[in-house]
Every structure is written in structure tokens, then in C-alpha cells.
Engineer: 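My questions all concern the structure below.
Quick note on labels: first sequence line is chain A, next is B, and so on, each numbered from 1. Note that these values count all heavy atoms, side chains included, but never hydrogens, waters or copies made by symmetry.
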Amino acid sequence: MNFKIIGRHMKESLTSMVRNRWMSFASISAVTVTLLLVGVFLVIMMNLNKVADDIENDVEIKVLIDLGVNETEELQLHQKVEKMPGVESVKYSTKKQELDKLVKDFGNDLSLFKQENPLHNVLYVKAENPKQTEKVAKEIMTYKGADKVSYGKGKIEKLFGFLNVSRNVGIILIVALLLTATFLISNTIKITITARRSEIEIMKLVGATNSFVRTPFIFEGMWLGALGAVLPIAIVTTLYATLHDKVTPTLENEIVQLLEVMPFILQIDLILLVMGVVIGVLGSFMSVRKFLKV
Amino acid sequence: MNFKIIGRHMKESLTSMVRNRWMSFASISAVTVTLLLVGVFLVIMMNLNKVADDIENDVEIKVLIDLGVNETEELQLHQKVEKMPGVESVKYSTKKQELDKLVKDFGNDLSLFKQENPLHNVLYVKAENPKQTEKVAKEIMTYKGADKVSYGKGKIEKLFGFLNVSRNVGIILIVALLLTATFLISNTIKITITARRSEIEIMKLVGATNSFVRTPFIFEGMWLGALGAVLPIAIVTTLYATLHDKVTPTLENEIVQLLEVMPFILQIDLILLVMGVVIGVLGSFMSVRKFLKV
Amino acid sequence: MIQMKNVIKKYPNGIIAVKGLNIEIKQGEFAYIVGPSGAGKSTFIKMMYREEKPTSGEIRVNGTDIAQLKDKEIPFLRRGMGVVFQDFKLLPRKNVYENVAFALEVIEEKPENIKKRVSDVLKLVGLAKKANMFPDELSGGEQQRVAIARSIVNTPKVVIADEPTGNLDPETSWEIMRLFDEINARGTTIIMATHNKEIVNTMRKRVIAIENGQIVRDERGGDYGYEF
Amino acid sequence: MIQMKNVIKKYPNGIIAVKGLNIEIKQGEFAYIVGPSGAGKSTFIKMMYREEKPTSGEIRVNGTDIAQLKDKEIPFLRRGMGVVFQDFKLLPRKNVYENVAFALEVIEEKPENIKKRVSDVLKLVGLAKKANMFPDELSGGEQQRVAIARSIVNTPKVVIADEPTGNLDPETSWEIMRLFDEINARGTTIIMATHNKEIVNTMRKRVIAIENGQIVRDERGGDYGYEF
Ligand SMILES: Nc1ncnc2c1ncn2[C@@H]1O[C@H](COP(=O)(O)OP(=O)(O)OP(=O)(O)O)[C@@H](O)[C@H]1O
Ligand SMILES: Nc1ncnc2c1ncn2[C@@H]1O[C@H](COP(=O)(O)OP(=O)(O)OP(=O)(O)O)[C@@H](O)[C@H]1O
Ligand SMILES: [Mg+2]
Ligand SMILES: [Mg+2]
């Protein structure tokens with residue numbers, strides 16, 4: 001197949017799409033609506049995933065420092081923990097700060113214990129990877145000056161479990177949605193091509209080879225998919241950029257953050273475009289094939 | 001139109017559906033896939049909504065009982081609060097129980113205060129409607145024997161805000177999904193009927209009235225929709241029943257509970273069936289109409 | 001029964017297929033429409049049953065101007081007419097029996113009558129054995145005969161046939177013509193566009209010749225008239 | 001160039017349309033296929049360009065048995081043949097020019113040649129002015145002429161025409177026949193199924209009569225032969 005022929009097929013595909021205006025429009029709008037759905041859910045799911053990550057990353061190890069330890073020893077412990085592999089950050093909190101927190105949470109009833117504070121100084125340690133939390137905690141436990149190390153074992157495991165389930169459900173939903181979208185788009189293209197089976201048969205009867213008949217249809221599938229992706233890309237991009245700008249300030253000091261607009265939204269756009277084009281081309285290819293046996 | 005004619009149209013619609021096997025199958029599977037999507041998301045969204053309700057309903061008012069109050073007075077307060085309009089339940093907790101909780105949360109450092117417990121006896125009050133929490137709290141504040149009343153003002157309002165946003169997003173998603181599904185189903189039916197426009201035109205040319213041509217198509221739309229709803233109903237029902245059975249035991253003592261299988265799943269099934277049938281019928285009606293002008 | 005006055009038909013693409021037709025065809029007449037390819041015969045015929053609406057002029061069928069007909073009334077006009085379309089227009093998903101029966105179902109004929117009547121008509125056109133076959137399983141001539149059967153099955157007042165013997169061998173053509181003649185003898189008007197010189201010249205009837213969208217000749221008992 | 005040996009064609013519905021055909025048609029011949037409606041003429045013709053595959057028997061075109069042809073090779077068989085289908089088979093979304101040009105695009109003819117050749121052929125069939133119209137804007141006879149134009153545009157070795165004058169007036173029919181005769185004189189084989197007695201009896205050629213799926217007569221310079 002040379003360039004001239006490809007040009008002919010390209011032109012043919014555009015003419016045919018225009019002459020089948022109504023059907024083309026129906027196909028394109030089905031693609032549009034489906035991809036819009038995919039886009040919106042992808043954005044939501046991936047942000048939820050980010051939220052789960054953020055929450056997981058917020059898990060801390062609380063190291064109660066031995067009451068019988070002096071300041072130098074405390075500093076040594078602090079530095080040692082900071083240099084540990086797998087540790088991301090260490091935050092020191094005096095027993096006074098701890099009591100203040102307690103009072104804030106439990107009311108002034110406890111404030112009469114201010115004279116004789118029974119609490120410990122504390123190191124709050126964050127692991128680089130939340131999955132390492134346990135390992136890090138156990139390691140610290142062996143250090144001198146660490147009285148008690150806690151990281152909410154049961155609670156955190158429960159949280160991790162919950163987040164994992166959510167993430168898996170999210171992935172299943174996304175995959176299901178992608179499959180559904182694939183099916184719907186190729187189904188629509190199939191139906192529109194079936195409506196043109198007699199055209200395909202006539203072409204074959206006049207001596208066209210399979211590829212001669214097929215190529216314009218494949219180009220047409222490509223256009224339908226690409227045009228169907230235009231609106232979803234525009235809408236998802238604009239909406240997310242706007243939403244991100246609005247929401248980010250209110251989340252300024254929170255653990256949870258939205259995904260940055262770039263490059264995230266470009267990736268989504270790419271997924272939508274590729275889905276549209278690939279499904280359009282494949283759907284067209286497979287549907288035409290059925291009617292080529294003449 | 002008499003019964004015989006309706007019978008004729010009904011038979012006609014079935015024959016036509018069978019003879020257009022391929023197209024019918026394509027339509028039905030598009031409906032199936034779309035409704036399955038709708039079903040799954042409805043189930044998820046409505047359960048998330050339930051979770052939000054559960055969390056909201058878990059908000060409690062904590063009433064610290066005056067330290068200088070005797071047992072009878074405590075009982076009177078308890079009963080008075082219980083009888084208050086808008087109060088759902090009241091739970092009494094001694095100061096010993098309170099300290100135990102504190103110790104459990106904060107470690108043994110506090111246990112040395114057991115000799116001289118500085119805490120109050122407490123009433124935990126739940127409002128019938130979480131929105132009334134503030135009103136109830138203020139009312140109790142005026143009662144004799146209530147020392148301090150707290151219900152996490154800022155925190156709860158933030159939570160409520162968050163839950164409301166989630167709920168609204170959820171509703172928007174559901175509505176968007178329903179609209180999308182409606183569009184996709186009626187679009188598919190439109191395309192399949194467009195592929196048969198010449199049949200419609202021939203019928204008109206042979207002297208059929210609009211309603212004579214239309215009625216079998218409308219029945220056909222109904223079948224397509226109804227058949228398309230069968231699988232989603234079966235799948236969603238089975239899946240949810242299974243999931244509910246599996247998940248419920250693990251949630252036994254949690255605040256959050258899944259929606260009971262009955263009548264919830266019946267409602268979902270009904271929505272799916274009605275959507276399939278109504279969209280099938282309307283989609284068919286509107287598409288045929290376009291080609292009746294002959 | 002059918003009168004046309006100054007009928008003009010201009011298609012959307014600008015072609016004026018009929019340029020001022022004036023004609024009257026009385027109940028019970030038998031008229032051939034002849035003329036070269038593209039002369040406007042089919043357009044003339046299509047306007048009688050309102051497949052095409054005239055651009056201007058008046059078309060009266062049994063007194064009512066069908067150019068003014070409301071959409072709702074059109075089916076009732078068509079029921080009084082049996083049409084053999086030049087391209088047959090069979091319903092592809094209905095078999096031979098159902099295609100013919102459809103013209104009776106439309107007028108809500110009783111099922112028992114339908115069965116009898118359809119079988120009879122299929123026998124008349126020689127397709128009794130092919131009642132269960134679908135159009136795409138038929139030869140060209142067989143399809144044409146199904147179209148003819150459908151046009152006469154509800155004993156309409158007029159049969160309008162556009163080139164009804166174009167795909168038939170002479171013998172079958174003559175059978176169909178005898179059928180039309182019989183129906184005509186019982187009072188049915190027959191209007192038939194044809195290129196079949198032999199038929200026109202043998203079975204002498206009124207001949208309306210159209211050329212270039214205008215009537216150039218209108219003779220009772222005329223001949224086909226085009227020599228080459 | 002075309003030989004058939006014991007060719008039988010049974011359709012999926014059980015009808016045996018061709019019951020043991022033996023025939024040889026030589027390069028440069030002009031053969032009419034005649035016979036009653038439903039005799040098997042179209043089936044016979046369709047097997048030549050492999051629209052239908054014979055149930056058994058051998059069909060040789062230029063020596064190769066096309067019953068054994070691989071799917072891939074079929075287009076190349078068809079390119080050597082120009083076919084006028086009984087139901088025209090025009091592409092509905094292509095205009096007259098494009099429909100005819102398609103047969104040349106298929107063989108990857110140069111665009112400049114296509115333009116010239118298509119215009120010439122459209123002039124031959126009298127449709128030069130309608131090049132930009134779509135099939136559904138044409139009269140029956142005009143559609144048929146587009147089909148004829150497409151069949152001859154790539155100067156095939158054989159033209160196979162199924163009832164090519166069924167929708168044409170006698171004058172246009174004769175023009176087409178003169179065209180076929182000319183092409184035939186230049187060496188092209190012509191195989192033409194027809195019901196037109198006048199043509200067969202006037203332009204004397206080989207006549208192959210088929211009845212009930214079998215050849216009942218095969219005469220050079222024969223006549224149409226069916227009287228009524
Ligand atoms: N739907 C249409 N749209 C546009 N032009 C049309 C349409 N139908 C017919 N024409 C044009 O109107 C003219 C008359 O067509 P018509 O079908 O009436 O001819 P006809 O006499 O029936 O010819 P034939 O004998 O070939 O069937 C032709 O030139 C044709 O191209
Ligand atoms: N696709 C098909 N499937 C089943 N049966 C068919 C099919 N095509 C034709 N037949 C049957 O085969 C027989 C021969 O048909 P064919 O089309 O060859 O006839 P023909 O000689 O061309 O007739 P005509 O002059 O009417 O065109 C007919 O009885 C027809 O009903
Ligand atoms: Mg005509
Ligand atoms: Mg034939």
C-alpha cells in the first residue's frame with residue numbers, strides 16, 4: 001500500500017463519516033458520554049487513592065523517653081533515631097506539651113496534675129514507608145533511653161486493612177468501568193457498521209480486497225474515537241483544574257491533599273484519547289471483518 | 001385498538017426481535033452492561049450514604065455531672081434528660097469507668113491517679129437527629145446537676161460538612177450516571193432503529209398508520225430493556241447478598257453497618273427494571289417517530 | 001377518480017421531474033404510462049399515493065386534494081390503492097406470506113380471512129410454494145411477483161404498478177397482465193408504467209406518454225409509439 | 001474462458017437452483033441466458049464471479065477452478081469481470097461518479113486516468129449530467145445505467161449482465177445493446193441474462209436456455225424461443 005492509496009482511504013473515511021452524519025454523530029456521542037464517565041471516575045478514584053496514601057503516610061510511632069534519662073542522652077537517642085534507615089522524620093515533644101494535649105482533649109479536670117506531671121517526653125517518628133512502621137518501632141525498642149514504643153498496632157492494621165480494601169474495590173471498579181466503556185464503545189461501532197454491511201458486500205463484489213474495504217473503516221473508527229474523546233478531555237481538564245484551585249486552599253494544613261493538576265490531568269487526557277482511538281480502531285476492524293466474507 | 005391488534009403487535013415485536021437477532025443481542029448487551037454499572041454504583045453509593053448517616057448518628061453529647069451532687073440528684077438528672085424531647089438514648093458512666101478509658105488510651109502513666117480519681121461521672125446523650133445535637137446540649141446545660149456539657153462543636157461541624165459534601169458529590173455522580181445510562185441505552189436503540197428505517201418507510205407506504213408501525217417497535221424496546229435488566233438484577237442481587245453475609249459479622253460491634261439486603265436490593269432491582277423498560281420504550285418511541293414522516 | 005391540475009414536482013436537488021401535468025383518470029380505466037428513462041413516470045406515480053408531494057398544483061383522488069392531506073390521513077389514502085414499486089420494497093425480515101399479509105393486517109382484516117386471501121393471491125402469482133421464503137432467497141422475478149401479490153391482496157380500487165414486468169419472462173408477464181385485465185374488468189382502475197412495447201401494443205388500453213416531465217400523448221387504445 | 005462441469009448449487013434453504021450444468025463459453029463470445037423466472041439464471045451467473053459457491057462441480061475461469069479459490073484470490077477474479085447485478089447494487093452513499101470510479105480505484109488506477117475514463121463511460125450510458133447525483137435521486141433506469149457503466153469502466157475481459165435492460169425503455173435498451181456489441185467486437189466476452197425477446201431475436205447471438213436449473217437448449221444465433 002503506497003502513500004497515494006493511504007491518502008485515498010483517509011479521504012474516503014472522512015467523506016463517509018460526513019455522509020453518514022447521523023450515525024457518526026450517534027457513535028461519537030456514545031464515545032463522548034462513555035469517556036466522560038471514565039474520565040470523571042478516574043479522577044475521583046485516583047484522588048481517593050491519594051487520600052488513602054496520605055492517611056497511611058500519617059501513621060506515627062510514639063516513643064516514650066525513659067524518665068531516668070538526662071538531656072544529652074535524650075539528644076543522642078533523637079539523633080540516632082533520625083539517622084536510622086527507613087525513618088523519614090522525628091519530632092520531639094516535651095512532657096509539658098503532652099499534658100497540654102491531654103488537657104485539650106479531656107478537659108480541665110486534668111489540669112490539677114500540672115504541678116506534678118506524670119508524663120514522659122516523647123519522640124514522634126514517621127517511617128519512610130508506612131509498611132516499615134512495625135520494623136522501625138521494634139528497632140527503636142532496643143535503643144537505650146526508649147522506655148516504651150507504641151504505634152497503635154491493632155488500630156493501624158485495621159486502618160491499613162480498610163484502606164487496602166477500599167483501594168482494591170476502587171481498582172476493581174476502575175477496571176470494570178474501563179471494560180464496560182470498551183464494550184459500549186465497540187458495541188456502538190459494531191452496530192453502526194452492521195447497518196452498512198450491504199455497502200461492504202457490494203465493495204467486495206466489485207473486486208475490492210479486504211484491506212481496501214477495511215482501511216477506510218478503520219480510519220473512520222479512529223476519527224469517531226478521537227472526536228469522541230475531545231469533549232471528555234476538555235471537560236475533565238477544565239473541571240479538575242477549577243476544582244483543584246478551589247479546594248487546595250481549604251486543605252492547606254490538612255494531611256490529605258488533591259493530586260497536582262500537572263502531570264496528572266495530562267495522563268488522564270492521554271488515557272481517554274488512547275482509549276477512544278484504540279477502541280474505535282479495533283471495534284471497527286473487528287466489525288468489518290465479519291462482513292468481508294463475500 | 002382492540003385486544004386482537006395488541007396481540008398481533010406483541011407477536012410481531014417478538015418475531016422481529018428474534019429475526020434481528022444480532023442487533024437485538026447488541027442492544028440487549030449494551031443495556032445489560034450499562035444497567036450493571038448503574039446497579040453496582042447505586043449499591044455502593046447508597047451504602048456510603050448509610051455510612052455517612054451512621055457516623056453522623058454516632059455523635060454524642062458528654063455531660064459531666066457536678067462533683068457536688070448526690071446519687072438521687074444524679075438519677076433525677078438522668079431521668080429528666082431521658083424524657084427530653086429529641087433525645088434518643090442516655091448512657092451513664094462512672095468516673096472509674098472514665099479513668100479506665102483514659103488509662104487505656106494513654107497508657108499506664110495515669111494509673112497512679114487511681115487512688116484519687118479527679119474525674120466526673122458522665123452521661124452520654126444521643127440526639128434522635130444529629131442536627132438537634134446543639135439544641136439538646138444547650139438545653140441540658142440549664143439543668144441542675146450538669147456541670148459541663150460538650151459535644152465537640154467545631155469537630156462535629158467539620159465532620160458534618162465533610163459528610164454533606166461527600167453525599168452531594170455522591171448524588172451528583174449518581175444522577176450523572178443515570179443520565180449517562182439513559183443516553184447510552186436510548187442511543188443504542190436509536191441506532192438499531194435507524195438501521196431499520198427503510199422497513200418503517202415501506203410499512204408506511206403500504207398504508208400502515210403511525211401507531212400500527214410504532215406499537216411493535218415500542219414493545220420491542222420494552223423487551224430489549226427488560227431483557228437487558230435481567231442479568232444486572234441477578235448479578236447485583238447475588239453479589240450484594242453474598243457480600244452482606246460476609247461483611248456483616250466483621251462489622252458486628254462497629255458503628256458502621258451495611259444496609260439490610262431486604263428491601264434495599266429489591267428497590268435497586270426495581271430501579272434497574274424500570275430504567276431498562278422505560279428507556280427502552282421511550283428510546284424506541286422517539287426513534288421510530290423520526291422515520292414515520294413518509 | 002384521479003385528477004391532476006398543473007402539477008409540478010421539483011426535487012430538493014433542483015431537478016424538475018414533472019413540469020405541469022394535467023390529467024384525469026376515471027374509475028375503472030386501464031392506463032399505461034410510457035416514456036423514456038428519467039422522463040418522470042415514477043414521479044408522476046409516486047405523487048398519486050403521496051410518496052412525493054407535488055411542489056405545486058392539485059391532485060384530486062376521489063375528489064379530495066391529496067396535496068393538502070394531513071399526515072394522519074395519508075395511510076387511509078394508501079389503503080385504497082395497491083402499489084407495485086419499481087424497486088419492489090419488500091420487507092426484508094418478513095417472509096413471502098407475511099409480506100403479502102401485511103397489507104391486510106394494516107386494515108385490521110380478520111386473521112382467518114387473511115390466511116385464505118393471501119394463499120389465493122400467492123397462487124395467482126405462482127408463488128404458493130414459496131410462502132415461507134424470505135425476499136433475499138427469491139429470484140428477481142419472484143420478488144416482483146410478491147410485490148404484485150401485495151398490491152392486489154386487499155382488492156384496492158386502484159392498482160398502481162411501476163414497471164411490474166421488468167424482471168419477468170414474457171410468459172409470466174402475460175399471466176400478470178391477464179390478472180390485471182381481470183381485476184380491471186371487475187372495476188378496478190389500473191395505472192401501469194411500462195417499457196414493454198409488446199404488452200402495450202397487444203393489450204390495447206389508454207396510453208399516456210410522458211417525456212421530460214410533460215404529457216406528450218394521451219390516446220385510448222394507443223400503441224407504445226416509440227420506434228427505434 | 002469459462003467452463004462448468006456438473007455444477008450443482010443447493011441453497012441453505014434446500015432449494016436446488018442449479019442441477020448439473022455443463023457449459024463452455026469461449027473468450028470473445030456473446031451469450032444470452034434465457035429462461036423463465038426462477039429457472040436459475042442468476043444463480044448460474046453468480047457462480048461465475050463467486051458470489052455463490054457451487055455445492056459441487058467444477059467452474060474454470062481461464063483454467064483455474066474458482067470453486068477452489070482462496071478467499072484472498074477472489075477479488076482478483078472479480079476484477080477481470082464486469083458485473084451488472086439484477087438489483088444494481090450501487091453504493092448508496094456514493095454519487096454516480098464515485099460509484100463508477102470505485103471499480104477503478106479498486107485496481108489502484110491512477111487518479112488522472114480515473115477521471116477521464118469515468119466521464120467517458122458516463123457519457124456512453126447517457127448520464128454525464130447526473131455524475132453528482134446519488135442513487136436514491138435517480139430513476140430506476142438511470143440506476144441501471146450506472147450499474148452498466150460500472151461494469152464496463154475497467155474494460156474487463158468478460159461482462160456479466162443480469163437483466164441489464166429490465167428498467168430501460170426500448171431506445172435506451174438498444175443503445176446499451178449496441179454498446180455491448182461494440183465491446184464484444186473488441187474481444188470482450190458478454191454473458192447476459194435477459195427476458196427481452198425482441199433483443200434476443202433481433203441481435204442474434206448464442207442463446208443458452210435454462211429451465212428448472214438445467215440447460216435445455218444451447219444454440220448459436222438462436223432465438224428467444226418462448227412463445228405464449
Ligand atoms: N428522489 C429524487 N430526488 C431527486 N431527483 C429525483 C428523485 N427521483 C427522481 N429524480 C429525478 O427525476 C427525474 C425523473 O425520475 P423518475 O423516477 O420519475 O423517472 P422515470 O420516468 O420513472 O424513469 P425510469 O423509466 O428510468 O424509471 C430523473 O431525472 C431523476 O433523476
Ligand atoms: N439466496 C438464495 N437462497 C435460497 N434460495 C435462493 C436464493 N437465491 C435464489 N434462490 C432460489 O433459487 C431459484 C433460482 O433463482 P435465480 O435467482 O437463479 O432465478 P432466475 O433464473 O435468476 O430468475 P429471475 O428471472 O426471476 O431473476 C429460485 O427458486 C429461488 O427461489
Ligand atoms: Mg421509474
Ligand atoms: Mg435472476
Side-chain angles (χ1 to χ4, degrees), chain A residues 1-27 192-221 223-224 284-294, chain D residues 45-46 48-53 69-95 97-114 134-136 143 146-147 149-154 156-158 160 162:
Chain A
M1 234 193 306
N2 57 36
F3 271 115
K4 256 191 206 150
I5 299 294
I6 291 181
R8 182 262 172 205
H9 290 326
M10 189 68 88
K11 208 179 125 210
E12 177 85 11
S13 71
L14 290 168
T15 316
S16 160
M17 196 168 57
V18 173
R19 292 200 183 147
N20 282 290
R21 264 175 234 96
W22 195 93
M23 281 284 196
S24 306
F25 179 75
S27 284
T192 53
I193 285 180
T194 304
R196 290 167 66 187
R197 74 178 290 173
S198 75
E199 286 179 51
I200 296 175
E201 288 169 1
I202 293 173
M203 290 180 189
K204 285 293 312 261
L205 286 178
V206 179
T209 55
N210 287 354
S211 81
F212 195 89
V213 175
R214 204 197 289 126
T215 316
F217 276 97
I218 288 176
F219 281 132
E220 211 175 320
W223 298 130
L224 296 180
S284 196
F285 181 84
M286 314 240 268
S287 328
V288 172
R289 201 175 47 175
K290 262 200 312 191
F291 305 122
L292 285 175
K293 289 249 162 209
V294 177
Chain D
I45 278 179
K46 283 176 185 172
M48 295 181 192
Y49 58 88
R50 204 34 156 67
E51 181 174 348
E52 297 291 348
K53 201 176 169 170
L69 228 50
K70 282 190 210 123
D71 281 355
K72 270 194 162 182
E73 298 165 329
I74 295 175
F76 300 93
L77 165 72
R78 290 176 183 159
R79 289 174 189 189
M81 306 176 151
V83 183
V84 185
F85 304 92
Q86 193 167 9
D87 55 355
F88 316 155
K89 293 206 193 295
L90 301 179
L91 293 163
R93 318 242 188 238
K94 286 189 185 295
N95 63 28
Y97 175 89
E98 292 163 344
N99 260 287
V100 177
F102 191 79
L104 291 174
E105 290 180 4
V106 154
I107 54 170
E108 303 191 2
E109 187 63 57
K110 291 202 199 83
E112 51 273 28
N113 295 356
I114 293 183
F134 287 88
D136 65 358
Q143 288 176 29
V146 178
R150 181 177 60 187
S151 76
I152 59 174
V153 72
N154 64 347
K157 286 220 189 67
V158 209
I160 299 176
D162 199 348

Engineer: For chain D, find its close neighbours in residues 13-21 of chain A: heavy-atom separation under 4.5 Å, sorted by number, or none.
Structural biologist: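 Counting heavy atoms that sit under 4.5 Å from chain D, the residues of residues 13-21 of chain A involved are A/Arg19, A/Asn20.
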
Engineer: In terms of heavy-atom proximity below 4.5 Å to chain A, should D/Glu52 be classed as side chain, backbone, both, or neither?
Structural biologist: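 For D/Glu52, neither part sits under 4.5 Å from chain A.
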
Engineer: Say you draw a straight line from CD1 of A/Ile200 to CG of D/Leu91; how long is it, rounded to the nearest 0.5 Å?
Structural biologist: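 Taking CD1 in A/Ile200 and CG in D/Leu91, the distance rounds to 11.0 Å.
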
Engineer: Enumerate donor-acceptor pairs with a distance under 3.5 Å from any side-chain N or O in residues 287-294 of chain A to protein atoms, sequence neighbours excluded.
Structural biologist:
residue	atom	partner	partner atom	Å
A/Ser287	OG	A/Gly283	O	2.4
A/Lys293	NZ	D/Asp71	OD2	2.9

Engineer: With D/Lys46, which residues qualify under salt bridge (Lys or Arg N to Asp or Glu O under 4.0 Å), at least two apart?
Structural biologist: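 In terms of salt bridge (Lys or Arg N to Asp or Glu O under 4.0 Å), with neighbours along the sequence ignored, D/Lys46 is linked to no residue.
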
Engineer: Mind listing the closest non-hydrogen atom pair of A/Gly207 and D/Pro75 along with its distance?
Structural biologist: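 Closest approach of A/Gly207 to D/Pro75: O-CB, 3.5 Å.
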
Engineer: Do D/Lys94 and A/Glu12 make a side-chain contact, defined as non-hydrogen atoms from C-beta onward lying under 4.5 Å apart?
Structural biologist: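 The answer is yes, as the side chains (C-beta and beyond) meet within the 4.5 Å cut-off.
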
Engineer: Per the salt bridge (charged side-chain N to carboxylate O under 4.0 Å, His left out) rule, what does the pair list look like for residues 211-220 of chain A, sequence neighbours excluded?
Structural biologist: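 Passing the test, one end in residues 211-220 of chain A: A/Arg196-A/Glu220.
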
Engineer: To the nearest 0.5 Å, what is the distance between CG on D/Asp87 and CD1 on A/Ile202?
Structural biologist: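 Atom-to-atom, D/Asp87:CG and A/Ile202:CD1 are 8.0 Å apart.
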
Engineer: Side chain, backbone, both or neither: which part of D/Leu77 has a non-hydrogen atom closer than 4.5 Å to chain A?
Structural biologist: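 Interface part for D/Leu77: neither.
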
Engineer: So, for A/Met203 and D/Phe102, which heavy atoms are closest and what is the spacing to 0.1 Å?
Structural biologist: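 Between these two residues, the closest heavy atoms are CG-CZ, 3.4 Å.
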
Engineer: To the nearest 0.5 Å, tell me how far D/Glu108 CD sits from A/Arg8 CZ.
Structural biologist: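 It is 9.5 Å, given to the nearest 0.5 Å.
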
Engineer: Tell me whether D/Arg78 contacts the main-chain N or O of A/Lys204 through its side chain, where contact means a donor paired with an acceptor under 3.5 Å.
Structural biologist: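 Looks like yes, one N/O pair under 3.5 Å.
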
Engineer: Would you mind telling me which of D/Lys72, D/Met81, D/Glu98, D/Lys53 has the largest number of heavy-atom pairs within less than 4.5 Å of chain A?
Structural biologist: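 The option with the most such pairs is D/Glu98.
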
Engineer: Do you know which of A/Val206, A/Asn210, A/Leu205, A/Val213 has the most heavy-atom pairs under 4.5 Å to chain D?
Structural biologist: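 The answer is A/Leu205.
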
Engineer: So which of D/Arg150, D/Arg93, D/Arg79 has the largest heavy-atom pair count under 4.5 angstrom toward chain A?
Structural biologist: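 When all of D/Arg150, D/Arg93, D/Arg79 are compared, D/Arg93 has the most.
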
